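FYI, the numbering just counts along the sequence from 1. Computed from a predicted structure; not experimentally measured.
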Amino acid sequence: MSFLAKRLDRIQPSPTIAATTLANELIAAGRDVIGLAAGEPDFDTPANIQEAGIAAIRRGETRYTAVDGTPALKKAIVAKFKRENRLDYTVDEITVASGGKQIIYNAMVSTLDPGDEVIIPAPFWVSYPDIVNLADGTPVAIPCGQNSGFKLGAEALRAAITPKTKWLILNSPSNPTGAAYSAAELKALAEVLLDHPQVWILTDDMYEHLLYDGHVFATIAEIEPRLKARTLTMNGVSKAYCMTGWRIGYAAGPKALIKAMAKVQSQSTSNPCSISQAASVEALNGPQDFIQHHNVAFKERRDMVVAMLNQAKGIQCLVPDGAFYVYPSCAGAIGRTTPAGKLIETDGDFATYLLETEGLSVVQGSAFGLSPHFRISYATSTEKLRDACTRIQRACAALE
């Protein structure tokens, strides 16, 4: 009999974390490696937010807080949803956790029973299906390829829903593709969901503020108020506010669900870091102008990366709407042979080839549920990105 629980057989370690860890280990060993696997901004946390955290320490706010968030942070989140998304919530409809990942985990653990299905459009963030598996649910991946702009359509959603479907997870803008749903596209999905009252919606809006080219953010509870009573709207301060290490995610939803999620959290981590919560109040209530300054830099990097990748032999890259990822197809490299005589059979082989020959760390598309692709994070310096894309062009040109 194994000492370890059988549920661990249903999941794998995060591929994005694994790729980043390997790149860091190679760098520490003296290898010339460019890591493009980590999904975090390279900008520092804004000074006013840093100072709010320091001030909280000096005020002695270093003790336990309420299990799922301080009143001050919950009030700031209520105001954010009202101001930016035209959604009305009360503080008892808000939950705060140690990152968005814990929000999703709490939601799935508190609602899923064996056999319950969760629809997840693919490509997806690597953790969605594994969290569902840990919660004894069944992830149902729906392929959404380049031809659909990497987005789920109404008819594909309708075909995927069964009597066992309990949740639909939507992520816009998307990790890993940067695809963002328009209000019209969300409205079409909402019309399907109105016909299936047993299906709840978890909308991951973590990249809400990272949009380019005039795209306007929309979230499904705002677009279709009749779905608000069965929607968990999730967000956080990690991406737009450059606070990945502060570990604060939050969500709004029906009171019964929020209470159940707090119950799970009370027996796992208890409250998020008190200092991080104080800093997050300042993030949400304070100046927001730096976000657009960052977005100018992200857009410039995006445009350069897309242009250079599309010049690489066998690579095709769509222009993402938001976030800070590109998800190029490497279909043109499949079936070709490396200078060392190795056949490239999968996108995993291609990612390995880039690492071994060019010292470039990317994440293979299979990790996100849709091949043959790979993900690059362009949340790093222009110089590194230009060097990385040059290496990709060189590696692709060397394939036979």
Side-chain angles (χ1 to χ4, degrees), residues 41 43 45-53 55-56 66 68-97 99-100 103 170-173 180-184 186-187 190 201-244 246 248-255 257-258 272 276-296 298 321-323:
F43 301 109
T45 303
N48 63 306
I49 301 173
Q50 295 182 33
E51 291 302 320
D68 67 341
T70 62
L73 181 51
K74 288 190 174 187
K75 289 177 182 177
I77 293 166
V78 166
K80 174 261 183 285
F81 278 123
K82 177 68 172 179
R83 178 180 68 247
E84 297 181 351
N85 309 112
R86 293 162 292 282
L87 289 171
D88 291 311
Y89 291 103
T90 56
V91 292
D92 53 358
E93 294 175 306
I94 303 296
T95 187
V96 183
I103 292 288
L170 285 176
N171 177 209
S172 176
Y181 288 86
S182 68
L186 288 176
K187 184 66 174 177
I201 307 97
L202 190 158
T203 178
D204 180 350
D205 298 347
M206 192 65 73
Y207 297 89
E208 170 183 2
H209 293 296
L210 304 179
L211 278 167
Y212 319 111
D213 305 324
H215 287 282
V216 177
F217 179 76
T219 193
I220 201 163
E222 169 195 12
I223 296 303
E224 181 45 81
R226 288 175 290 178
L227 292 177
K228 183 170 176 279
R230 50 187 168 107
T231 298
L232 183 68
T233 303
M234 190 197 88
N235 213 312
V237 298
S238 296
K239 310 300 181 177
Y241 298 95
C242 310
M243 296 175 68
T244 52
W246 296 76
I248 294 293
Y250 59 83
K255 293 178 185 178
L257 174 60
I258 296 301
S276 297
Q277 290 189 72
S280 297
V281 172
E282 173 63 21
L284 295 178
N285 289 344
Q288 308 289 303
D289 55 327
F290 66 89
I291 295 175
Q292 287 308 312
H293 291 300
H294 291 174
N295 283 359
V296 170
F298 283 140
D321 305 319

> Using 0.5 Å steps for rounding, measure from the OG atom of S172 to the CG atom of D204.
9.5 Å
> Could you state the interatomic distance from OH (Y207) to CG (N171), rounded to the nearest 0.5 Å?
7.5 Å
> Once rounded to the nearest 0.5 Å, what's the spacing between atom CG of L87 and atom OG1 of T219?
7.0 Å
> So do N295 and L210 actually touch side chain to side chain, heavy atoms under 4.5 Å?
yes
> Can you give me the closest heavy-atom contact between K255 and T90, atom names plus distance?
CE-OG1, 4.1 Å
> For the ring pair F43 and F298, is the centre-to-centre distance below 6.0 Å?
yes
> Locate the shortest heavy-atom distance separating T233 from A221; write the atom from each residue and the value.
OG1-CB, 4.1 Å
> Going through the distances and angles, do V91 and I77 end up as a side-chain contact (heavy atoms from CB on, under 4.5 Å)?
CA-CA 8 Å; V91 292; I77 293 166; over 6 Å; no
> Could you tell me which non-hydrogen atom of A278 sits nearest to which non-hydrogen atom of A52, and how far apart they are?
O-CB, 4.2 Å
> Might you point out which heavy atoms bring G69 and P272 nearest each other, and give the distance in Å?
N-CD, 4.4 Å
> So which atom in A252 and which in I94 form the shortest heavy-atom distance, rounded to 0.1 Å?
CB-CD1, 3.6 Å
> Would a distance-only check, ignoring hydrogens and angles, find a side-chain to backbone donor-acceptor pair under 3.5 Å from N235 to D205?
yes
> Would N85 and K80 count as having a side-chain donor-acceptor pair, cut-off 3.5 Å?
yes
> Looking only at the side chains, is there a donor atom on one of W246 and T45 sitting less than 3.5 Å from an acceptor on the other?
yes
> Per the side chain to side chain donor-acceptor pair (under 3.5 Å) rule, which among E84, H294, K239 passes with H209?
E84
> What's the spacing between R230 CZ and I220 CD1 if we round to 0.5 Å?
9.0 Å
> Taking NZ, NE, NH1 and NH2 as the nitrogens, is one of them in E93 or K74 under 4.0 Å from a carboxylate oxygen of the other?
no
> Between the side chains of Q288 and Y241, does any donor sit under 3.5 Å from an acceptor?
yes
> How long is the straight-line distance from OG1 of T203 back to CG of L232, given to the nearest 0.5 Å?
9.0 Å
> Does the ring of Y89 carry K228 above it, NZ/CZ under 6.0 angstrom from centre and within 45° of its axis?
yes
> Any chance you could lay out the side-chain contact (heavy atoms from CB on, under 4.5 Å) test for Y181 and F217, step after step, and finish with the verdict?
CA-CA 8 Å; Y181 288 86; F217 179 76; over 6 Å; no
> Determine whether a donor-acceptor pair (N or O, by modelled atom type, separation under 3.5 Å) exists between the side chain of E222 and the backbone of R86.
no
> Which atom pair, heavy atoms only, marks the closest approach of A190 to E224?
CB-CB, 3.7 Å
> With rounding to the nearest 0.5 Å, note down the distance linking OG in S276 to CD1 in I248.
5.0 Å
> Any donor-acceptor pair under 3.5 Å linking the side chain of S280 with the backbone of A283?
no
> So for atom NZ, which belongs to K75, do other residues, nucleotides or ligands contribute more than 12 heavy atoms lying within a distance under 6.0 Å?
no
> Would you say L73 and L284 make side-chain contact, with heavy atoms under 4.5 Å?
yes
> Applying side-chain contact (heavy atoms from CB on, under 4.5 Å), run through D213 and D321 and close with a yes or a no.
CA-CA 7 Å; D213 305 324; D321 305 319; over 6 Å; no
